Protein chains: 4
Amino acid sequence: MKIQIITSSLLFAAVAVMAQTPEPMKMKPEMTEIWDPEIAVITPGETPKDAPSDAIVLFDGVDLATEWTNSKGEKPEWIVADGCVTVKKGTGTIKTKRVFEDYQLHIEWRAPAEVIGESQGRGNSGIFMQGIYEVQVLDNYNNRTYRNGQAGSIYKQHPPLVNACKAPGVWQTYDIIYTAPRFNEDGITYFTPPTVTVLHNGVLVQNNVKMRGPTEYIGVPEYTVKKHGPGSIELQDHGNPVSFRNIWIREL
Amino acid sequence: MKIQIITSSLLFAAVAVMAQTPEPMKMKPEMTEIWDPEIAVITPGETPKDAPSDAIVLFDGVDLATEWTNSKGEKPEWIVADGCVTVKKGTGTIKTKRVFEDYQLHIEWRAPAEVIGESQGRGNSGIFMQGIYEVQVLDNYNNRTYRNGQAGSIYKQHPPLVNACKAPGVWQTYDIIYTAPRFNEDGITYFTPPTVTVLHNGVLVQNNVKMRGPTEYIGVPEYTVKKHGPGSIELQDHGNPVSFRNIWIREL
Amino acid sequence: MKIQIITSSLLFAAVAVMAQTPEPMKMKPEMTEIWDPEIAVITPGETPKDAPSDAIVLFDGVDLATEWTNSKGEKPEWIVADGCVTVKKGTGTIKTKRVFEDYQLHIEWRAPAEVIGESQGRGNSGIFMQGIYEVQVLDNYNNRTYRNGQAGSIYKQHPPLVNACKAPGVWQTYDIIYTAPRFNEDGITYFTPPTVTVLHNGVLVQNNVKMRGPTEYIGVPEYTVKKHGPGSIELQDHGNPVSFRNIWIREL
Amino acid sequence: MKIQIITSSLLFAAVAVMAQTPEPMKMKPEMTEIWDPEIAVITPGETPKDAPSDAIVLFDGVDLATEWTNSKGEKPEWIVADGCVTVKKGTGTIKTKRVFEDYQLHIEWRAPAEVIGESQGRGNSGIFMQGIYEVQVLDNYNNRTYRNGQAGSIYKQHPPLVNACKAPGVWQTYDIIYTAPRFNEDGITYFTPPTVTVLHNGVLVQNNVKMRGPTEYIGVPEYTVKKHGPGSIELQDHGNPVSFRNIWIREL
């Protein structure tokens, strides 16, 4: 009788084996270890604010004219002093001579210590990727404005996740990770849109958001998409004496 | 004759107007300005490394037991001294009591000043999101290993963009932006995969990469996806006395 | 001398071996073959237009009242005759009793054979996913209108890739693949937006496009996003006697 | 007293107005109506299976040599008869002379009516996009195989959502929407991966899935990505007399 039971068990096991599907064959760890090509070695900055060895320093606090021009391609009139550059009202935007596509950008800015104006009228400037996509610079410290026009917003497209502003007169940082758009053949739509991640004073305010089109003060950005190539970083003259310093960029 | 020309021109203009399609009607700036709800105001840290006001401090350099346990849920045996916590070999991972989904995590780590071992054997640890997705910690300073297992890699899934390691014995930073997966109803595929951005010492090493599945030392991660909820941050005991400090997190 | 050359070659080979990094270890085919769980078996329709075995037939040409109501939840007043249902002007939209999230929808429609009106006034109706996201139905055969309001458009958000309209009075097909949005905790932004693929008469007119928000006749869709759950399919009464038939849906 | 109440109300109303933030200014419908450029007009096929006016007919059931070669660039040896082309075992793949990037492809296939073999051995062929990314063709009617190798799978990368196979000897359809990859400058990673949507007999089996790399019978596709340009459609000789007909393509 015991033999019979064993036989049944064996039979059952055999049927189970027949019905059962294969388990994937086991791998070895080395099968998923890729050595080449070697990852490029760089030297990071002393602190995260400091330019790493593979960065282009766009402004070191002293020399503006080597990397920047005004909108006419001439020497920029903005004021360089005390290790920073300050908007000179009425002289227009300044922009990099070099043009860029995908990059990591570090930039520090300071709204004027003397508080004048309100909403969009206080400490207003902007950082334009490829000359047309704006990360808003604004003194939003105790200063309410429309949510999609705040400091750290992708102007009129994406409000920031939080308002992480420091007080007027205090230096603030933006770390911007930017991927340029690629275009469809029609020349008026994106194959992939521009994407942006922004850390404001170390706090995430934009997480890989997709732009809908160029920044528009008036109207709908989707309708104004036009194929373009690499472009300058531009800093806006919005009439307020906003200052900038320690600007570096790493192309991705 | 002159009159005739003018008439033709008018006629042409009239035809042009008839054939022409409408231009979109012009908007006003206020039509794209959204005020409500107000964006939450927070206070950023003194420097980007410092915890902002909306962060949970997971380790302040002194108190480990409030926020962390060992893998059995007991008080962690790792060594707290000199403002940091160091892996105690053989005691296993430590993990947060709290569980998280989407977040921004700041963490600082230091490989042992005394260089012992090579490749994966030198200064090895890891930071696991939701307990199963690893950002590799490794002393890759003058230490070659497989590219998808380096410091700053999403282990065996995404090599880092560059090797931004500091020397052994020197403190390093990771700023990690993590979005947890959402699952399909089958429970074995992602509706959206986990995504990760990593800055290593302020240098972008992962840019919104998508995970293929849980971290696997052996085999293919796609085959081991299983639906899960929020999870702990875990720090790995890989046998090397790696140290950690200044750990804070902001839920997104 | 020949010996010397050989020795050099050996030396070179030896150095090469030393400098060389490991090749990933070879796998076997079975290591990437996954058997379980078994894929569900269904029976496709006789032709691609015919409902497969896992579809819910929403309208078979005869019975409308089982699956549909008018906007007040009552028996729909639209006219069922000759194997199709036709808009009864002034009675409002009809909608499914069932609510859906992600699905594949097959629907056939016919603009009135008698051509009346122009631009948006000719053969106008619409198919609303979750009651608020519209794929436009319009007689665009020799009828120009704004590009983002054409047949096959995601109304006022995405123009169709081509105009694939058939003549008025001829039956046309839409095959729509729809993924419902998932929401962020703020309740006013998408974690993932709705996405839509549309084949119009077998021709791709929308390829996995992302919606910006609910369909808006006036204004900007981004500003009107509000968290919602599963929703009905709705067919629009735009005043024109557009007909529908052979409506089936497969939940994904 | 009544006057006093009214005064309070007015006062309250005034305060409310002061505290209140602006509502976005109302738009008009015409502000979001875009007329130009006009959408291209095409003529769809009689049924969704029939080639529309903007398609390239790659095989009409009679002439194979105009659009196809064997793998050596010579006249293909496969057998053309009865309005279809059938794999001639041992002659290798056939491929289009033209090369493509993004497209919509319609193709019909038939597994041999005589059932021979099992699992991957029955009615096996394949359609390769850009020559390296395979949509599996297999007789999976009452024939179990590994889920990521079934008919409608992206071979060894994405199992189909359902098994929508028809019986051996019966014609089946694939409608494939394919977007070619774009590459990063390193030449070994995708900027955007290939994406594929597949309808099998009108049933969605792949919904905009992302490929991890070229199709690999052995090993991990991520490790074999290499930058490439436009490529042929290839049909596989896997030793089974699978037939094809009515092949047309629309470039996107």
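Keep in mind that this is a model prediction, so the values were computed, not measured. First the proteins, then the strands, lettered A, B, ... as listed; each starts at 1.
- When the candidates H106(C), K26(C), E30(C), R250(C) are compared by the number of heavy-atom contacts under 4.5 Å with chain D, R250(C) comes out ahead.
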Pair Y174(D)-H200(D), ring-ring contact (aromatic ring centres under 6.0 Å, His included): steps then yes or no: CA-CA 5 Å; Y174(D) 276 168; H200(D) 183 192; 4.9 Å; yes
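- Your options are T145(D), V170(D), V41(D), and the one with the most heavy-atom pairs under 4.5 Å with chain C is T145(D).
- To the nearest 0.5 angstrom, W109(D) atom CH2 is 9.0 Å from S125(D) atom OG.
- Heavy atoms of D54(D) lying under 4.5 Å from chain C belong exclusively to its side chain.
- For N207(D), the part lying under 4.5 angstrom from a heavy atom of chain C is the side chain only.
- In terms of heavy-atom proximity, V99(D) sits nearest to S232(D) at CG1-N, 3.8 Å.
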Candidate pair T189(C) and N184(C), rule side chain to side chain donor-acceptor pair (under 3.5 Å), full reasoning: CA-CA 6 Å; T189(C) 55; N184(C) 289 320; 3.0 Å; yes
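- For the options E216(C), M31(C), K28(C), E38(C), heavy-atom pairs under 4.5 Å to chain D are most numerous at E38(C).
- The contact between P52(D) and chain C is made entirely by side chain atoms (from C-beta outward), counting heavy-atom distances below 4.5 Å.
- When G45(C), G149(C), P29(C), P160(C) are compared by the number of non-hydrogen pairs under 4.5 Å with chain D, P29(C) comes out ahead.
- Per-residue counts of heavy-atom pairs under 4.5 Å with chain D were compared for V203(C), D50(C), N201(C); the largest is that of V203(C).
- No cation-pi contact links R144(D) to W35(C), judged by a cut-off of 6.0 Å to the six-membered ring centre and 45° from its axis.
- Comparing S53(D), A40(D), C165(D) by heavy-atom pairs within less than 4.5 Å of chain C, the highest count is held by A40(D).
- Contact of T197(C) with chain D is made through the side chain alone, with heavy-atom distances under 4.5 Å.
- In this structure, the portion of I177(D) lying under 4.5 Å from any heavy atom of chain C is its side chain and not its backbone.
- Contacts between T179(D) and chain C at a heavy-atom distance below 4.5 Å involve the side chain alone, from C-beta outward.
- Ranked by heavy-atom pairs under 4.5 Å with chain C, the list I218(D), T195(D), I39(D), N208(D) is led by I39(D).
- For D102(C) (side chain) and A180(C) (main-chain N/O), a donor-acceptor pair under 3.5 Å exists by modelled atom type.
- Heavy atoms closer than 4.5 Å to chain C are found in the side chain of T173(D), but not in its backbone.
- The aromatic rings of Y155(D) and Y217(D) lie parallel to each other, with less than 30° between the two planes, well short of the 60° mark.
- Of the atoms belonging to K49(D), it is side-chain heavy atoms, and not backbone ones, that fall under 4.5 Å from chain C.
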Check against ring-ring contact (aromatic ring centres under 6.0 Å, His included), F183(C) and Y190(C): CA-CA 4 Å; F183(C) 289 84; Y190(C) 294 133; 5.4 Å; yes
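- For S119(D), the part sitting under 4.5 Å from any heavy atom of chain C is the side chain, from C-beta outward, and nothing else.
- When the candidates N148(C), D36(C), T43(C), L161(C) are compared by the number of heavy-atom contacts under 4.5 Å with chain D, N148(C) comes out ahead.
- Both the backbone and the side chain of I34(C) come within contact range of chain D, with heavy atoms under 4.5 Å apart.
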Candidate pair I233(D) and L105(D), rule side-chain contact (heavy atoms from CB on, under 4.5 Å), full reasoning: CA-CA 10 Å; I233(D) 312 282; L105(D) 174 70; 4.3 Å; yes
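- Looking at residues two or more places apart in sequence or on another chain, you find no salt bridge (Lys or Arg N to Asp or Glu O under 4.0 Å) involving R110(D).
- Using a distance-only test at 3.5 Å, with no hydrogens or angles considered, no donor-acceptor pair links the side chain of Y178(D) to the main chain of E101(D).
- Looking at Q104(C), only its side chain comes within 4.5 Å of chain D, counting heavy atoms on both sides.
- There is no contact between Q172(D) and chain C, counting heavy-atom distances below 4.5 Å.
- Remark: F128(D) CZ is packed, more than 12 non-hydrogen atoms of other residues, nucleotides or ligands lying under 6.0 Å away.
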